[in-house]
2 protein chains.
Amino acid sequence: MRVELTTTSGLPRYVQIRESLRAEIAQGIFKPGQKLLSEDELASQYGVSRMTVRQALTDLIDAGIVYRRHGVGTFVSQAHVERDHTKLTNFFEDAEAEGIIARATVLMGEVIPAKRQVAIALNLEEGEPVIRIKTLRFANDVPVTVHDAHIPCKSFPNLLKKNFERTHIWTHMEDYGYRVKRAVQKIEARDADEEMAQLLGIEIGGPILYKERTVYAEDGTPVEFTYCYNRGDTYSLTTVLSR
Amino acid sequence: MRVELTTTSGLPRYVQIRESLRAEIAQGIFKPGQKLLSEDELASQYGVSRMTVRQALTDLIDAGIVYRRHGVGTFVSQAHVERDHTKLTNFFEDAEAEGIIARATVLMGEVIPAKRQVAIALNLEEGEPVIRIKTLRFANDVPVTVHDAHIPCKSFPNLLKKNFERTHIWTHMEDYGYRVKRAVQKIEARDADEEMAQLLGIEIGGPILYKERTVYAEDGTPVEFTYCYNRGDTYSLTTVLSR
DNA sequence: GAGTGGTCTAGACCACCCG
DNA sequence: GGGTGGTCTAGACCACTCG
């Protein structure tokens, strides 16, 4: 038997096979716990070589949709672990995906000498100039986050002239040839001090989800180090772990 | 030119190539930003086919050590983004890795009917019996976390008879044929109520890093749902994001 | 022993990027 | 145009699991 792949679409075959299998699982044609056809069988069904099938399956495994057991087979996972929250997305992208109106006001935009922690994170000498952009972000006009970003001056001349109220810093960074690729963030719980309480409209001592985040470009260059203060009562964060 | 691969070691060739490249990068033979040999060249150097080289490189890319640019080459990443914190590890493993003395005291061990949120997370009917194990965890004898775990009763009979003071729940789960594989957690900042303040030795209203976590076995079955209260002043959490 | 996934080959053509 | 990574083939043998 042979399943036709669209040849007109420019998509690679392994992508078409991956999406075909994903759809069949989503539609319940293959149910949780059930064994898929073997790689050999899939290859002959789709009229491709086994390596191509494996490429499609590997993507589905990474997505947590199926799992392999050596010598046994490939199986549909029980619970479809919800959508991947380890993706690096920005505030405006998130908001758009959830139908929330996003807006930011700039509290501060300046060039300052890098403090020790910022310098280390950005791989600069202490005191080298960094651009500091501090914004207050609103979701549906409710203040949710104070974002205090530090960016190496030398790589992004004239960055401060850009608009930050409706466009994310990362979007502007692409104009300078840097594509944001990964980030490492440290997360803590803190109490709101007077400044944060006032900006976020909560009481002093109220809960704040605090993050320190270093953002790296495609080639691993650190391009942003940010202190991030999120209102504890309206903000939560989801992460996925695996071993 | 040809580089000899150890043929005696049972390791797959792509693993040997991966580790060989990783070592060369660590030793500075290839420096950050530098282009590696092309896949064709590496293949002939190691005396393997190009697909095998690609398998080795793909692992290094996933680890953030190198990156590919279509039509250009494969390059060593600038900053070696620190060790991967998206790995699912348990309290005792973490502590051992960091040289901390870990200990837990059991506050509560009981079988109760599943409340709504627990039932949904564990894919049970509301009211089905679940094992609840509430522990207070100490790092170097300082209380850091209250851990309130819920586990489906039917899959883990007699689990409550096990020891939880020095052995993690997940270790016991392997006796029942379940290997923990992935988890999804929601993270929030909260204020300590009276109970948590007392248990963790902090003031009422002090910061708590609060997590709700669902843990899945290899096949995707949910095996644990936990409420986790971490002392804000001594606990932080690091995550890695990428796009 | 039969069936499965894990590894590997020796090529091929294409799409992309750069000078 | 030349070099690179992206995709793909049509096989092969091995390691693992199970009945």
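Letters A, B, ... mirror the listed sequences (proteins, then strands); counts begin at 1. Keep in mind it's a predicted model, so treat the numbers as computed, not measured.
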In sequence, state the C-alpha distance, the side-chain angles, and the governing distance for B/Y227 and B/H147, and then conclude on ring pair (Phe, Tyr, Trp, His ring centres under 6.0 Å). CA-CA 6 Å; B/Y227 303 101; B/H147 195 265; over 10 Å; no

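Rounded to a whole Å, the CG atom of B/L42 is 17 Å from the P atom of D/dG3. Counting to the nearest Å, the C1' atom of D/dG3 and the CG atom of B/L37 are 14 Å from each other. In this structure, B/H70 atom NE2 and D/dG3 atom C1' are separated by 11 Å, rounded to whole Å. One interatomic measurement links the two molecules: CZ of B/R54 to C1' of D/dT4, which rounds to 11 Å at whole-angstrom precision. Rounding to whole angstrom units, CG of residue B/L11 and C1' of D/dA15 are separated by 14 Å. Rounded to whole Å, the distance from CD on B/E41 to C1' on D/dG5 is 13 Å.
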Sequence neighbours left out, cut at 3.5 Å: what donor-acceptor pairs do the side chains of residues 67-75 of chain A make with other protein atoms?
residue	atom	partner	partner atom	Å
A/R68	NH1	A/E39	OE2	3.1
A/R68	NH2	A/T58	OG1	3.1

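With sequence neighbours excluded, the residues forming a ring-ring contact (aromatic ring centres under 6.0 Å, His included) with B/Y176 are B/F156, listed by chain and number. Checked against ring-ring contact (aromatic ring centres under 6.0 Å, His included), A/F91 has no partners two or more places apart in sequence or in another chain. Applying the ring-ring contact (aromatic ring centres under 6.0 Å, His included) criterion to B/F30, with sequence neighbours excluded, gives no partner residue. Among residues two or more places apart in sequence or in another chain, the side chain to side chain contact (heavy atoms under 4.5 Å, CB included) test is passed with A/K161 by A/N158.
Comparing B/S49 and A/R68 along DNA chain C, the residue whose closest nucleotide (by nearest heavy atom) sits nearer the 5' end is A/R68. Each of A/G71 and A/Q55 has a nearest nucleotide on DNA chain D; the 5'-most of these lies closest to A/Q55.
Counting any heavy atom pair closer than 4.0 Å across all strands shown, A/R69 reaches sugar-phosphate atoms only and no base atom.
Taking the 5' to 3' direction, DNA chain C first and last meets chain A under 4.0 angstrom from a heavy atom at C/dG3 to C/dC8.
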